[in-house]
Amino acid sequence: MNLPDTVALRARTVYPLTEEGPARGWEALAAPLRALDNGAVLLRHGIVEAVDRWPLDLPPGTEVRDLGDVALIPGIINAHCHIQLSWTAGRTLWGQGFSPWLRSLIGLLRTQDPPEERAAAIDGACAALADCGTRHAGDYAGQDLLTVDAAAARHEVGITHFCEWFGAKTPFIDQRRPWPPRCRYAAATVPGLGRRCAPAGHALYSTDEDVLRDAHAFCKALDRPFALHLAENEEEMRLLELGDGPLWELYAGTVLPHSWQAPHMRPVAWARSLGLLGPGTLAVHCVHVDAAEAALLAHSGTAVCLCPRSNANLAVGVAPVEMLAHAGVLLCLGTDGLSSCTDLDVRKEAVALRQRWGLPAEALIRMLTVNAVAALGLGDTLGRLYPGSTAGIAVLPEELRP
């Protein structure tokens, strides 16, 4: 929402999450949230000055907006999306599995839209993020990193750019890793951009093991989040365990050299063997994990980002949300991208989980806010409403009210 310099937002209920931290385990996720009935938030230049029940002591010139019968929460965090691919919206193949979707995406990438059309789509995506109350997004970055960064800034959406290594399983590996060359150049172009970036892997089957280790070590040393797609689909499972299947047929001789050997391990176990799990790692999807793997993720301190609508659209399976929650995994939510989802409103991921699993609204609110803040290492001023915070405001959908 567009707000004046000083504004008081009044609502039926405000959930400030002021004293909340990241919630691990079912009891912590589902615990009651403090609610301010007939609550209000006073904002000045985007900074929270007061959160309390109405009426507030307002400075002169404050504009009061009574939002009526709504519930407000801190600005939400979309922990995983692909903003740069927004121009592919509505043009990929859904519902037939991962490889058919991937083939359709590769076809588009080989004949990309002109830069100005991609830029317009990216700007629209960032505007949509802002409109639904998104305060920050974890975006997988590529050739349009500068365009995404500029568009996000225009719409006042914070960005963590995960600079993705993809297709590195070739005889030649750039020795200047862990930064992919295109992201390295972009980060050097704009002052301060490098601090918003983190080298990342695409997946275990599409990024060289040494590159993954180097990127993870770099992120750990500089206290930045490290991300990779993990255990997303059955074709990934088959490739890593057996060394064949649709992904091998698609990538052999290009992403995967003909000399490549399968590790004969499941994704979570292989990620562990490479030293990639632990605090600061964000594993995206984790659709195909069992109870032992959920426990391993929790014990290691790895965070998991769930993208249920993308998983449903691509027919790759359903993540075991309750198992992961009961195991104590730090859970957050992402939309993936417009190549696999209809929009970038991460609140709808929470609604989808509630409709399928009946998860408590309190758990989903935490996944949208404080858990995602912790998973992306965003500090203390996001995800909670208190004087001095920059959390922003989001309206809670009716389906997510506790």
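Computed from a prediction, not measured in an experiment: that's the story for all the values here.
- Partners of R12 according to the side-chain hydrogen bond (donor to acceptor under 3.5 Å, both in side chains) rule, which considers only residues two or more places apart in sequence or in another chain, are D69.
- Rounding to the nearest 0.5 Å gives a distance of 9.5 Å between CG of L256 and OH of Y205.
- Side-chain contact between R34 and P16: present, with at least one pair of heavy atoms (C-beta onward) separated by less than 4.5 Å.
- Atom-to-atom distance recorded for K348:NZ and L353:CG is 14.5 Å, nearest 0.5 angstrom.
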Problem - Stepwise side-chain contact (heavy atoms from CB on, under 4.5 Å) test for I106 and W101 - result: CA-CA 9 Å; I106 291 173; W101 168 80; over 6 Å; no
Problem - Verdict with supporting geometry, R53 and D37, salt bridge (Lys or Arg N to Asp or Glu O under 4.0 Å) - result: CA-CA 7 Å; R53 289 185 168 84; D37 295 323; 5.0 Å; no
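- Taking the six-membered ring where tryptophan is involved, the planes of H258 and W248 are perpendicular, since the angle between them exceeds 60° and thus also 30°.
- Taking CG from L400 and CG from L368, the interatomic distance works out to 7.0 Å, rounded to the nearest 0.5 Å.
- Two residues are said to be in side-chain contact when any heavy atoms from C-beta on lie closer than 4.5 Å; I73 and V395 fail this criterion.
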Practice task
List the steps, then state whether ring pair (Phe, Tyr, Trp, His ring centres under 6.0 Å) holds for H229 with H82.
Solution key: CA-CA 12 Å; H229 302 82; H82 292 264; 5.5 Å; yes
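- R224 places a side-chain N or O within donor-acceptor distance of the main-chain N or O of C197, the cut-off being under 3.5 Å.
- Contact of the L247 side chain with the L102 side chain is registered, since non-hydrogen atoms from C-beta on lie closer than 4.5 Å.
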Exercise for the section: Determine, stepwise, if the pair R196 / D139 fulfils salt bridge (Lys or Arg N to Asp or Glu O under 4.0 Å). Expected result: CA-CA 11 Å; R196 299 191 290 277; D139 182 56; over 6 Å; no
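- Closest non-hydrogen pair, L240 versus A262, comes out as O-CB, 3.6 Å.
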Exercise for the section: Report the C-alpha separation of R309 and D336 in whole Å, then their side-chain angles, then the decisive distance to 0.1 Å, and conclude whether the salt bridge (Lys or Arg N to Asp or Glu O under 4.0 Å) test is met. Expected result: CA-CA 9 Å; R309 291 190 297 156; D336 218 351; over 6 Å; no
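- Using a 4.0 Å cut-off between charged side-chain N and carboxylate O, R118 and D113 make no salt bridge.
- Heavy-atom neighbours of E116 CD from other residues, nucleotides or ligands within 6.0 Å: above the threshold of 12.
- The distance from the CG atom of L282 to the CG atom of L228 is 8.5 Å, given to the nearest 0.5 Å.
- Panel note: side chain R195, backbone P191; no donor-acceptor pair is recorded below 3.5 Å.
- Nearest heavy-atom pair across T6 and L42 is CG2-CD1, 4.1 Å.
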Exercise for the section: Show your working on side-chain contact (heavy atoms from CB on, under 4.5 Å) between E249 and D244 and close with a plain yes or no. Expected result: CA-CA 7 Å; E249 295 169 3; D244 61 11; over 6 Å; no
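- Salt bridge present: E398 and R401 bring a charged side-chain N and a carboxylate O closer than 4.0 Å.
- The closest donor-acceptor contact from the side chain of T111 to the backbone of G107 lies under 3.5 Å.
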Handout entry: W94 vs T92, side chain to side chain donor-acceptor pair (under 3.5 Å): CA-CA, chis, key distance, verdict
Key = CA-CA 6 Å; W94 293 4; T92 54; 3.1 Å; yes
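- Checked against a 6.0 Å centroid threshold, the rings of W179 and F218 count as neighbours.
- By the 4.5 Å heavy-atom criterion applied to side chains, R356 and P308 are not counted as neighbours.
- Looking only at atom types and distance, the side chain of T390 has a donor-acceptor partner in the side chain of T381 under 3.5 Å away.
- Nearest heavy atoms, L93 versus P100: CD2-CB, 3.8 Å.
- Listed for the T18 side chain is a donor-acceptor partner under 3.5 Å among the backbone atoms of L385.
- Around NE2 of H264, the count of heavy atoms belonging to other residues, nucleotides or ligands within 6.0 Å exceeds 12.
- For the pair I83 and L129, the minimum side-chain heavy-atom distance is below 4.5 Å.
- In this structure, P22 and L330 approach most closely via the heavy-atom pair CB-CD1, 3.7 Å.
- Checking side-chain atoms of S339 against main-chain N and O of L85 turns up no donor-acceptor pair under 3.5 Å.
- There is no side-chain donor-acceptor pair under 3.5 Å between R24 and N371.
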Handout entry: L396 and I365: CA distance, side-chain angles, deciding distance, side-chain contact (heavy atoms from CB on, under 4.5 Å) verdict
Key = CA-CA 9 Å; L396 193 65; I365 292 170; 3.7 Å; yes
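- Distance check, rounded to the nearest 0.5 Å: CH2 of W270 to CG of L204 gives 5.5 Å.
- Scanning all heavy atoms of the two residues, the minimum distance from A125 to S86 falls at CB-OG, 3.2 Å.
- Using modelled atom types, no side-chain atom of S310 and backbone atom of C307 make a donor-acceptor pair closer than 3.5 Å.
- Side-chain contact between E349 and V346: present, with at least one pair of heavy atoms (C-beta onward) separated by less than 4.5 Å.
- In this structure, CG on L145 lies 5.5 Å from CG on L193, to the nearest 0.5 angstrom.
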Practice task
Go through H80 and H285 one step at a time and tell me if the side chain to side chain donor-acceptor pair (under 3.5 Å) criterion holds.
Solution key: CA-CA 10 Å; H80 180 74; H285 296 300; 4.6 Å; no
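- For an aromatic pair to be called close, the ring centres must be under 6.0 Å apart, and Y140 with H161 fails this.
- Between P246 and S99, the shortest heavy-atom contact is CB-OG, 3.3 Å.
- Surrounding CD of E399 are more than 12 heavy atoms belonging to other residues, nucleotides or ligands, all under 6.0 Å away.
- Taking 4.5 Å as the limit, every side-chain heavy atom of R384 sits out of range of all side-chain heavy atoms of E19.
- For the residue pair T134 and N78, no side-chain donor N or O sits within less than 3.5 Å of a side-chain acceptor on the partner.
- Residues D345 and T335 fail the side-chain proximity criterion, which asks for heavy atoms closer than 4.5 Å.
- Residues H155 and H136 place their aromatic rings such that the two centres sit no closer than 6.0 Å.
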Handout entry: Derivation and outcome, salt bridge (Lys or Arg N to Asp or Glu O under 4.0 Å), residues E20 and R366
Key = CA-CA 8 Å; E20 293 284 335; R366 290 181 170 100; 3.0 Å; yes
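- Within a 6.0 Å radius of CZ in R272, no more than 12 heavy atoms belonging to other residues, nucleotides or ligands are found.
- Checked against R266 for a salt bridge (charged side-chain N to carboxylate O under 4.0 Å, His left out), the options E234, E236, E293 give a single hit: E293.
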Practice task
Given side-chain contact (heavy atoms from CB on, under 4.5 Å), test L72 with Y15 step by step and report yes or no.
Solution key: CA-CA 6 Å; L72 300 180; Y15 295 95; over 6 Å; no
